[in-house]
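The structure appears right after this line, and notes come after that.
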Amino acid sequence: DAEITQSPRHKITETGRQVTLACHQTWNHNNMFWYRQDLGHGLRLIHYSYGVQDTNKGEVSDGYSVSRSNTEDLPLTLESAASSQTSVYFCASSDRPAGGPAEQFFGPGTRLTVL
Amino acid sequence: GQNIDQPTEMTATEGAIVQINCTYQTSGFNGLFWYQQHAGEAPTFLSYNVLDGLEEKGRFSSFLSRSKGYSYLLLKELQMKDSASYLCAVSDSGGGADGLTFGKGTHLIIQP
C-alpha cells in the first residue's frame, strides 16, 4: 500500500547542530509539505514543493531549508538548531485529481527536542 | 494573511450531536478542510467544502458559508473514539499546490 513515512520518529539534539528530518512518500504525489505543530499555535507551514527541483517558503521558514531531488522525498534541514525549534514536525503530500479536493496525507510525525 | 478561529475545547455526551464552529478571514479562498487528530497521531482528512452548503459523509457533516466566512463540523451519534482534536484549515488554491492554514484546533471530549 502507498504510504508516507518520516524518520526519525524521535530526535534529541543540541543547540547549533545541523539536523535533517526525512520524509518519503510512495503515492507519486507532486506536492509535498512540511509543518510544525506547537501548543497554542496549531499546525504551521514551513516549506512546500510542487515537484522536483521546486521549493517554496511557508509561514515559518526561517532557520529551515528543503530540497526536492526526486518525487518521493522532501528532507527538511535545520541549519543550526535552536531551542525554539523544539516541536513536532509533520510531512504531508497531495495531488490534485480532476474535479476533486486535494486531500493532504500526513506522515506520523517527528518529535524533535533541541537542548 | 489568514486568520482562523475555532473554540479551544468542547465537551459532549456519547450518543449525542456536537457542532464545532470555525470562522475565517482570508485574502483568498479556494476551499475549507476539516481534519481529525487523535493525541500523538497525524491529522487525517474528514471533509472538504468549496461551495456553500452542507456536505454529508456518514456521521460527519460539514457546512460552509463563504459570505459569512463560516463553517461548522457536525458530528452525530457520538462515540468515545470521537474524542480528538478537530482542525479547521483554509486553502487559497484548493489545498493542492499551496499549503493549508490551520486553526489551532478544537479538543473534543466525549463523556459516557
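Numbered from 1 within each chain, the chains take letters A, B, ... in sequence-line order.
For the set A:H41, A:R111, A:R44, A:Q37, the entry with the most heavy-atom pairs within less than 4.5 Å of chain B is A:Q37. Taking chain A as the reference chain and counting heavy-atom pairs below 4.5 Å, the highest number among B:G103, B:A89, B:G105, B:P43 is found for B:P43.
Proximity to chain B (any heavy atom under 4.5 Å) is shown, for A:E59, by neither the backbone nor the side chain. Using a 4.5 Å cut-off between heavy atoms, B:L87 contacts chain A through its side chain alone, with no backbone atom that close.
For B:E77, the CD atom counts as loosely surrounded, since its 6.0 Å shell holds 12 or fewer non-hydrogen atoms of other residues, nucleotides or ligands. Counting non-hydrogen atoms of neighbouring residues, nucleotides and ligands closer than 6.0 angstrom, the NZ atom of B:K57 exceeds 12 such neighbours. With a 6.0 Å radius and a threshold of 12 heavy atoms from other residues, nucleotides or ligands, B:I109 has its CD1 atom above the threshold. Within 6.0 Å of CG on A:L115 lie more than 12 heavy atoms contributed by other residues, nucleotides or ligands. For CZ of A:R17, the number of neighbouring non-hydrogen atoms (other residues, nucleotides, ligands) closer than 6.0 Å is 12 at most. Atom CD of A:E14 is surrounded by 12 or fewer heavy atoms from other residues, nucleotides or ligands within 6.0 Å.
Residues B:A42 and A:F90 come closest through the heavy atom pair CA-CE2, 3.6 Å.
Remark: of the listed residues B:F45, B:F33, B:Y35, B:Y35 is the sole one forming a side-chain contact (heavy atoms from CB on, under 4.5 Å) with A:Q104.
Inter-residue side-chain proximity for A:Y35 and B:L100 is flagged as met; some heavy-atom pair is nearer than 4.5 Å.
At least one donor-acceptor pair under 3.5 Å links the side chain of B:K104 to the backbone N or O of A:G40.
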